[in-house]
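Heads up, the thing below is written out as structure tokens.
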2 protein chains.
Amino acid sequence: MSEIDKIDRKILSILQGDGRIANVELAERIGLSPTSVGERLKRLQRDGFVEGYGARLNPHRLGLGLLVFVEVLLDKTTPDVFERFAKAVQTAPEVLECHMVAGGFDYLVKARVANMTAYRRFLGETLLALPGVRETRTYAVMEEVKRDAPLPVG
Amino acid sequence: MSEIDKIDRKILSILQGDGRIANVELAERIGLSPTSVGERLKRLQRDGFVEGYGARLNPHRLGLGLLVFVEVLLDKTTPDVFERFAKAVQTAPEVLECHMVAGGFDYLVKARVANMTAYRRFLGETLLALPGVRETRTYAVMEEVKRDAPLPVG
DNA sequence: GAATTGATCCTTATTTTCTAAGGCAAATCT
DNA sequence: AGATTTGCCTTAGAAAATAAGGATCAATTC
């Protein structure tokens with residue numbers, strides 16, 4: 001059900017870099033017929049290797065010039081703080097990622113906003129407004145050295 | 001040259017969620033002819049709003065079960081430490097993101113590896129092997145609460 | 001005020017691509 | 001050994017992308 005050979009990996013690798021490549025061209029690059037490659041791709045999607053496709057947008061071009069990471073510590077007094085926090089994070093459009101981590105704090109939040117003013121508002125009205133948030137530490141990104149690199153599949 | 005109206009935003013929003021949608025269907029959803037939408041999209045690409053397209057792969061399905069964030073502090077004794085670190089990070093396939101931040105440390109690294117064993121190797125052979133790395137703090141992700149949310153364009 | 005320019009959208013026709021059907025051969029299972 | 005499955009192929013019909021040409025409207029120019 002979920003064997004994955006070298007050809008599959010090559011398909012995934014190419015598709016990760018160019019999700020809109022024509023199946024015909026993909027097949028040429030792989031060295032198989034378009035039908036075969038199409039069947040493989042269908043299987044890779046069915047088996048959950050490919051979750052979808054998306055356009056890569058330029059955040060700066062869209063007025064989202066500030067990237068921040070926020071470490072969040074919660075009050076672990078009530079049992080449902082974690083659930084409530086997780087739920088609230090889902091609905092906040094500024095939050096691109098949120099992970100529960102093991103270590104010195106509880107959650108690491110990655111968010112994009114227009115500027116510092118917008119971040120202040122987000123911090124005050126969204127993050128700190130949540131019940132159970134005890135402490136936050138903000139790290140503003142000065143330079144994006146490596147951004148959204150492809151997964152190492154090949 | 002770079003005005004962006006409501007229709008453009010809708011195009012970007014849909015395309016961010018489904019990068020492989022047929023232009024015909026996209027046009028239907030927008031309420032314009034396929035040609036018009038195609039022209040708009042071409043412009044959005046030319047003006048740098050769309051940087052490309054990519055398949056979204058499932059990291060766990062590909063054997064990359066462990067997500068880690070690493071805070072890195074550098075020795076700021078020699079002037080080229082930053083450049084060398086930045087360069088080395090580019091070539092490491094495990095590193096998905098790397099940002100220079102303002103605050104308690106210098107770089108925040110996001111990496112994906114198979115498991116803790118693989119992480120130990122990565123830490124020792126890649127990160128700590130770099131000259132100028134004074135200290136690292138590792139945070140292993142226990143739960144991915146929100147993963148790669150779309151940018152808020154609409 | 002009239003004409004021109006430019007932007008946005010449309011329809012149509014051609015080319016390209018996708019998809020489904022059917023068949024062949026090698027590997028695997030009974 | 002025979003049957004089944006798997007992976008690949010070719011081919012043909014359906015669907016989509018692309019390019020050309022033209023209409024409309026707003027803003028600008030003369």
Side-chain angles (χ1 to χ4, degrees), chain A residues 1-64 148 150-154, chain B residues 1-64 148 150-154:
Chain A
M1 177 265 194
S2 61
E3 290 293 301
I4 184 166
D5 65 12
K6 218 158 189 176
I7 297 179
D8 290 326
R9 285 184 187 277
K10 198 166 180 181
I11 291 175
L12 292 177
S13 177
I14 293 174
L15 235 33
Q16 194 176 16
D18 180 5
R20 265 207 149 176
I21 188 175
N23 190 43
V24 177
E25 194 191 329
L26 178 59
E28 272 172 23
R29 286 225 247 161
I30 298 291
L32 288 179
S33 77
T35 319
S36 290
V37 174
E39 281 165 2
R40 277 174 179 269
L41 181 52
K42 212 176 198 172
R43 175 173 50 78
L44 289 169
Q45 289 177 173
R46 176 171 47 76
D47 292 353
F49 292 95
V50 178
E51 293 182 338
Y53 301 87
R56 281 190 293 267
L57 307 185
N58 184 328
H60 297 93
R61 212 75 183 71
L62 290 164
L64 298 168
D148 275 310
L151 295 179
V153 293
Chain B
M1 179 267 194
S2 61
E3 290 294 299
I4 183 165
D5 65 13
K6 219 158 189 176
I7 296 180
D8 290 327
R9 285 183 187 279
K10 199 166 181 182
I11 291 176
L12 292 177
S13 177
I14 293 175
L15 235 34
Q16 194 177 15
D18 180 5
R20 265 206 148 176
I21 189 175
N23 190 43
V24 177
E25 194 191 330
L26 178 59
E28 271 173 23
R29 286 225 247 161
I30 297 291
L32 289 179
S33 77
T35 319
S36 290
V37 174
E39 281 165 2
R40 276 175 180 270
L41 181 53
K42 211 174 196 172
R43 174 173 51 79
L44 289 169
Q45 289 176 174
R46 178 172 46 76
D47 292 353
F49 292 95
V50 178
E51 294 182 337
Y53 301 87
R56 281 191 292 268
L57 307 186
N58 185 327
H60 296 92
R61 212 76 183 70
L62 290 164
L64 298 169
D148 275 310
L151 295 179
V153 293

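The chains referred to below are lettered A, B, ... by the order of the sequence lines, with proteins before strands, and numbering in each begins at 1. This one's a predicted model, so the numbers in the text were calculated from it and none came from an experiment. Below, each value reflects all heavy atoms present in this structure, side chains not excepted, and no hydrogens, waters or symmetry copies.
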Please tabulate, for side-chain N and O atoms in residues 22-34 of chain A, each donor-acceptor pair with protein atoms closer than 3.5 Å (sequence neighbours left out).
| from | atom 1 | to | atom 2 | distance (Å) |
| --- | --- | --- | --- | --- |
| A:N23 | ND2 | A:P34 | O | 3.0 |
| A:S33 | OG | A:S36 | N | 3.3 |
| A:S33 | OG | A:S36 | OG | 3.4 |

- request: Only counting residues at least two apart or in another chain, list the ones meeting side-chain hydrogen bond (donor to acceptor under 3.5 Å, both in side chains) with A:S13.
  value: none
- request: Would you indicate, yes or no, if D:dG7 has its OP1 or OP2 atom less than 4.0 angstrom from a side-chain nitrogen or oxygen of A:S36?
  value: no
query: Out of D:dC9, D:dA20, C:dC9, which nucleotide sits closest to the side chain of B:T35?
result: D:dA20
- request: Round to a whole Å and report the spacing from CZ of A:R43 to C1' of D:dT5.
  value: 14 Å
task: Select one nucleotide: of D:dC8, C:dC9, D:dA19, the one nearest the side-chain heavy atoms of A:E39.
output: D:dC8
message: Are A:L15 and A:L44 packed together at the side-chain level, in the sense that at least one heavy-atom pair is separated by less than 4.5 angstrom?
response: no
message: Which residue is it: A:R20, A:Q16, A:Q45? I am looking for the one with a side-chain hydrogen bond (donor to acceptor under 3.5 Å, both in side chains) to A:Y53.
response: A:Q45
query: What is the distance from CG of B:L41 to P of D:dA16, rounded to the nearest Å?
result: 17 Å
Rounded distance (nearest 0.5 Å) linking atom CZ of B:R40 with atom CD1 of B:I7: 4.0 Å
Got a list of protein N/O to nucleotides 16-18 of chain C N/O distances below 3.5 Å?
| from | atom 1 | to | atom 2 | distance (Å) |
| --- | --- | --- | --- | --- |
| C:dC18 | OP1 | A:N23 | N | 2.7 |
| C:dC18 | OP2 | A:N23 | N | 3.2 |
| C:dC18 | OP2 | A:V24 | N | 3.0 |

query: Separation of B:E28 atom CD from D:dA15 atom C1', in whole Å?
result: 12 Å
- request: Measure from CD1 on B:I11 to P on C:dT8 and round the result to the nearest Å.
  value: 12 Å
- line: Rounded to whole Å, CD1 of B:I7 lies from P of C:dT8 at a distance of 10 Å
message: With rounding to the nearest 0.5 angstrom, report the CG to CG distance, A:D47 to B:N58.
response: 11.5 Å
field: Closest to side chain of A:R40, choosing from D:dG7, C:dC10, C:dC9
entry: D:dG7
query: Can you check the A:I4 CD1 to D:dT6 P distance for me, whole Å?
result: 17 Å
message: Tell me the interatomic distance from A:I30, atom CD1, to D:dC8, atom P, rounded to whole angstroms.
response: 11 Å
- prompt: Between A:K42 (NZ) and C:dA20 (C1'), how many Å, whole number?
  reply: 9 Å
